[in-house]
Each structure stands twice: as C-alpha cells, then as structure tokens.
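These numbers come from a predicted model, not from an experiment. Protein chains get the first letters and strands the later ones, always in sequence-line order, with residue 1 at the start of each.
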There are 2 protein chains.
Amino acid sequence: MSKATTIHDIAKRLSINSSTVSRALNNDDRVAAKTKARVQAMAEQMNYQPNQLAANLRKQRSNTIGVVVPYLSRHFFSTVIAGIEEQAHQHGFNVIICQSKEESEREIKNLETMLHSRVDGILISPTLAGDNLAFLSSMMDRKIPVYFFDRHFDEMDTTRVLMNDQAIAEEMCDHLLQQSSGSMRVLTGPIQASIYRARIQGILNSFRKHGLNTEEKLHIEEVPLTLDKSQELVKQWIQRQESFDMLFCMNDMAALGGLQALLDAGYQVPQDCMVVGFSNEPVSKLMHPAITTVHQPAVAMGKVVTKKLIQHIEEPESITYSETTILKSKLIIRASSLRNE
Amino acid sequence: MSKATTIHDIAKRLSINSSTVSRALNNDDRVAAKTKARVQAMAEQMNYQPNQLAANLRKQRSNTIGVVVPYLSRHFFSTVIAGIEEQAHQHGFNVIICQSKEESEREIKNLETMLHSRVDGILISPTLAGDNLAFLSSMMDRKIPVYFFDRHFDEMDTTRVLMNDQAIAEEMCDHLLQQSSGSMRVLTGPIQASIYRARIQGILNSFRKHGLNTEEKLHIEEVPLTLDKSQELVKQWIQRQESFDMLFCMNDMAALGGLQALLDAGYQVPQDCMVVGFSNEPVSKLMHPAITTVHQPAVAMGKVVTKKLIQHIEEPESITYSETTILKSKLIIRASSLRNE
DNA sequence: TTGAAAGCGCTAACAC
DNA sequence: GTGTTAGCGCTTTCAA
C-alpha cells in the first residue's frame, strides 16, 4: 500500500464522479440508494480512510475542541476532562488538551497554538492572574466561542458552568457554627479566584447569620493548597499556641495535612478541633476520623459545558445569549466535624 | 474583521509573491533578511494567524499525537499525560486524548477517529482483552508509529517504555519475606496484563529465592483494584478466619481498602499483617500506619516515550529498530511493612 | 533571491 | 441524481 485511497480512486473504479462519492459517503439524501451501496462497498473494499484534514480545510472547521486546565493531574480536572472527552467524542469532536500550570503566559501560548490549529471552540478553567483575560476576549472577537468551567472571569460575558461554591460553603459553615461558637481558620487558594471568593463570601454570610464577629472569630489564610504546606502551617499555629477549634480547608489535600498536624500534636478531632475539606477525594473518607467534605459533580460539569459549546459551534446563529449554569455540589458530613455522636 | 488574513493578503500588500511570504514566515534561508523583516512586520500588523489546517493538508502531516489511556482520571495516567503534553508542546505537537475505559471496541473506534484525523503517531497504554492488537498492527502497517507505555503487547514489535515491574515487585516481596515466613495474599488486576504478570513473576521469584512453597504460602486474587472492592474482600477473608500476615496490593487504593478492613477488625498493622501498595498516591503516606508503596516516575515516562515518538515522526528513516526502555521505580518503605521498629 | 504554478483531498454551488 | 468546476490556505518544485 504505497498511497492512501481517496474519493477520486473510488470514483474512477466506479466510473462516477468524485463528488457523488463524497455525497454518498456523507449520506446525502440526493444520492440514489443503489449508488450509495456501491460506493460504500467499494470504499470498504479499497480500505478507504477519509482524510479529515482535507475536509476540515474545506469546511473551515477542525471538529476539535481545545481544553485548558491548570493541571491535568489534579483529580478534579482530570475527572472533568473525562466528562468533556466523552461528550465530545459522542458528537464526533476531537479534544486537544493543554495545561497552564497557573502561568498566564503559558496559557496564552497554548491558546495561540490552538488558534492556529483552528479549534472550533475553547473550554477553559483559566489562570487567575495575568493578562490572559484580554487574549480570551480577543478570541471571542474572532468568533471562537470560549466557555468557562469551574473558574471564570466576571468581566467576560460568556457561557460558564460553575459549582454553587458560595451556597455550599455557607451550608458547610452553618454546619460547623451550629456545633461551635469558637474560632475558625480558613485555608484558601488565591483570593482573586472566583471560586475562593465565592466560598469565602458563603462563610461570611454564615457568620453574619449566626451573629458572630468575623474580626475576632475568623482568620483567613491564603496558601498553596497542598498537603505539605497545610500540615506545616497548622503545625506552626499549634506551636505558637494560637487558638482555633474549626479548620475549614478549600480542598481535601489541605484538610488531610491539617488533620495530620492536629493529630500529631495530640489533638482530638473533632472534639478539640473540627476539620473539613472540599472535593471529596476518595481518601477523605478513609482517614481517622473520616473527613467532612463537598462532593462536586465533576464529570457532569465536563459533559454539560461541552454539550453547550458544541451546540454553539453547530448553530452559532441560535446562540444570542450567554448563560451561567450552577451545578449543585453536595455536603458530605463525616466524623471530622460531628461532635454530637 | 470579517475574514482572516492569509499569506496572499500579506503578499498583495507588499507586492511580492505569496510563496516568498510563506518562505519568510518559515524562516527559509533563501529569503533576504530585509524581505523577511518586512514580511514579519506586515504579518504582525495585519494580525496574521497561520492556518495549520492548510499547512497540514499540504504537508500530509497533522503535527498531532494521539494518546489512548484506559481512564483519564486515574492519577497515574493523568500524570503520564502531563509529561506527554509538556514534551509534545515543546516540539510543536498537539496532543489529542481518548479513554478506552478498558473496552477494546471503544479503543478501536477512538483509534479510527485518530486515523482519520491523520495523527502522526500513537501513544497507547492498551486495553488488554479483545481484538485491538490486530488493529494496532494495521496502523503500524500504514506507517503510523504506535508506541506503548506502561502496558504493552509482547506480540507487537515496537518501541515501548515500561516500568521495572518485575524487579521492583521482587524487591518488595524480599522486603516482606525478610520479616515474615507466614502467608501472603496478593490483590492483582487482570492477569492478562503484562504489568501484573510481571509483578507476579517477581513475587514468585522472591518466594523461590527464599525457599518458600508458593502453593501453601501464596494466594493470588484477581479483583478490580478499587478501594471498596478490596475492603470488602479483605473483610470477608477476616470473617472466614482465613489466615495471612502479608497483604500485597497492586495499587494504593486497594492497599488503603485492605488496611481499612484490617484495622476495622481490630488487627494491628504491621504486627498482625503487613500491607503494601503500588504507585505512591499522595495519601499513602498519610495513613496510620503510613503505607509502603512503589514510586513510579510517571511524568518521566510520558516525556521519554513522547520524545522517542517525535524522533520517529521527524526522521522515520533513521528508526530501523524498536527498543524497550525500562524506567526504574523506587521502593518506599513505610510503617505498614516495618515490624522491627 | 524571488515568482509562477500546481496540487494536498475534500466539499459545495451551480448546472443539467 | 449526478457531473462540472472552483476553491479552502498553504508548501514546494521548477524556472528565472
């Protein structure tokens, strides 16, 4: 096999025109059933493989969706991508993936590559500092739809699929404050990020609702949300004899680290200090005590946002609006925050 | 902006030929430095974005690598892909990703799509049952290089990058047998899989070396390697009063589940039973006791295999051989398998 | 060092 | 229903 079969080869063998072959292969209504059958049989026989590249060039459409996430290996993001991938393939779209590593420069470079590859649309959970906002806007101006998931920019008026971060954080905080009127420490990621801002707002609401003074009773710390950093920080607090009896972590890894530091120092959890996390990593339920957390429907998020984007790609005129979809996450209360058992 | 700028637009404005523009943009030696500068300036000014689609069609090359893994959301695979992505982008390649979900049918469908998209090469950790082997071979026949990572087929003579599964499992088993001459239970994934076969071979070697009877002392159980399944199974064993004092799990999730079941039943780990896992998931070190495991260089695996594939794509004639690269993983001994402390 | 011209494989407007 | 024709935007001989 020295050369791949083209529609022209098939046409020649069948003594018909290549455009008829094209139509037959694309199941066009106007071509006779009999011709269709002949073409399909011959295509099979000659082991014809359509050349998407050519079709794409002609159609000015790559059938490809570009996805940008901070880190591919974070459980939450790889799970969302699993959802994206599934939905996209169902609709005949390819998915190309990049990681920004939280660097907006890298993110822009990736987006440029995608632009050159003529992706039909972008799905992104953007890096939160830097000048990527302007670049993303310019992509929209070029009629390439950019949809957000999980993270977003308020400034950009486009469709996004988010979690109910504020409400669930408020609910979580309510749950804690019902059991304690002590002092809370919050470990959060970058405050610029909408998700963290939303969650903190939820916490503030809850404090206000309970008539508690946030100046005195609430201490918010912005840190890299990793196991090690969190463990180290909480250890320091304990050494300095700072007092708190609730530890609210914005992800499970930080909660694990914090829990570890507390237990190492001989604290009882939840009696001396309650600990809660976020994201429901598989391990959170295995700790002693098991950690209270929030389950986020990550696969669903991927599917939903992809479905909307594909609809936009396939019928651009029909999309005259942008919408914000809020997916409901769910509180999972476990021993690490249950004093009354 | 109603229409994207092409090289022809630039050529017209500069009153030169589009092929000169093409050459200038590709930094061809034959074009005068002065012309190059003019072209580049104009391209900038007109906000020219190269159309990869067109270049790809002309060059019969998509600059895209197809990646197939069982599950995108498994930590090991998403980490390998992070490495693949990084290496590929450094060399100007895109990466499209599919998950097979361990279904060979789905895998073949994905591969076909990639074929039509004219990927320049495939990186795959294949599903281990089904008729995908034949399909993969046929891709190689079509001059599309297929490289394996982590998993592979002995029957296919192509480059692959694997872990030293057999050696490390033997080392792990040695470590256990030095401390016990009791009975071992192994929780493994599908035996058809080369990785599990290799690891089991390592265990057998270790038993033989220690002069122990595998008929009596070794019990191998093939199960889905999930936390829940493992926990359930070990719980059953305990209820049935089956006796074993070493639990060798082929991943950390299974080890976590097993550990949980043992602790729930009041067993002391490692005194009553040692527990070991595989893959060094972040949580393994957080358990009480911390779990002995194997660190696998996943990012490195992704980078190495991608580098080799790209070399193959760029200089196909120079590749007259296939090679097997074995990456060294590393034993991480922790409290769950240390009786002498 | 540059220009002219052909063509990658496909689709789609138009004609019959 | 089918054929004719004209590109999509780029690269790459070949010629000058």
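The only member of A/Thr159, A/Thr158, A/Asp157 that meets side-chain hydrogen bond (donor to acceptor under 3.5 Å, both in side chains) when paired with A/Ser322 is A/Asp157. Checked against A/Arg160 for a side-chain hydrogen bond (donor to acceptor under 3.5 Å, both in side chains), the options A/Asp150, A/Thr324, A/Asp154 give a single hit: A/Thr324. Each of B/Gln87, B/Gln90, B/Glu85 was scored for a side-chain contact (heavy atoms from CB on, under 4.5 Å) with B/Lys303, with one residue passing: B/Gln87.
Two residues are said to be in side-chain contact when any heavy atoms from C-beta on lie closer than 4.5 Å; A/Leu327 and A/Val161 meet this criterion.
Rounded to whole Å, the distance from CG on A/Leu14 to P on D/dG3 is 10 Å. To the nearest angstrom, P of C/dG9 lies 10 Å from OH of A/Tyr48. The distance from atom NZ of B/Lys34 to atom C1' of C/dT2 is 15 Å, rounded to the nearest whole Å. The distance between atom CG of A/Asn27 and atom C1' of D/dG1, rounded to the nearest whole Å, is 15 Å. Whole-Å rounding puts the A/Arg61 CZ to D/dC8 C1' distance at 15 Å. Straight-line distance from the CG atom of B/Asn63 to the P atom of D/dT11: 11 Å, rounded to whole Å. Atom-to-atom, CG of A/Leu25 to P of D/dT2 comes out at 14 Å; the value is rounded to the nearest Å. Atoms CG (A/Asp28) and P (C/dC10) sit 16 Å apart, rounded to a whole Å.
Of the listed nucleotides (C/dG9, D/dT11, C/dT11), C/dT11 has the atom at the smallest distance from the side chain of A/Ile7. Closest to the side chain of A/Ser19, from the set C/dC10, D/dT4, D/dG9, is D/dT4. For B/Arg58, the side-chain atoms get nearest to D/dC10 when compared with the rest of C/dT11, D/dC10, D/dG1. Here the side chain of A/Lys59 is nearest to one of C/dT11, D/dT2, D/dT11, namely C/dT11. Comparing D/dG3, D/dC10, C/dT11 by their closest approach to the side chain of A/Asn26 singles out C/dT11. When distances are taken from the side chain of A/Arg23 to each of D/dA6, D/dG9, D/dG3, the shortest belongs to D/dG3.
Summary of the strand contacts: B/Arg30 and B/Pro50 both lie near DNA chain D, and taking for each the nucleotide with the nearest heavy atom, the more 5' one is attributed to B/Pro50.
Within the nucleic acid shown, A/Asn56 has no heavy atom closer than 4.0 Å to any nucleic acid atom. B/Ile16 comes within 4.0 angstrom of sugar-phosphate atoms only, judged by non-hydrogen atoms across all strands, and of no base. Base engagement by A/Ser22 is indicated by at least one non-hydrogen atom pair under 4.0 Å involving a base atom.
Look at A/Glu107 and A/Lys101 and you find no salt bridge, because none of the NZ, NE, NH1 or NH2 atoms lies under 4.0 Å from a carboxylate O. Salt-bridge check for B/Glu102 with B/Arg151: passed, with a basic side-chain N closer than 4.0 Å to an acidic carboxylate O.
Between B/Gln52 and D/dG9, a side-chain N or O to OP1/OP2 separation shorter than 4.0 Å is absent. The side chain of B/Gln60 contributes no N or O atom lying less than 4.0 Å from OP1 or OP2 of D/dT11. Between A/Asn17 and D/dT4 there is a side-chain N or O to OP1 or OP2 distance below 4.0 Å.
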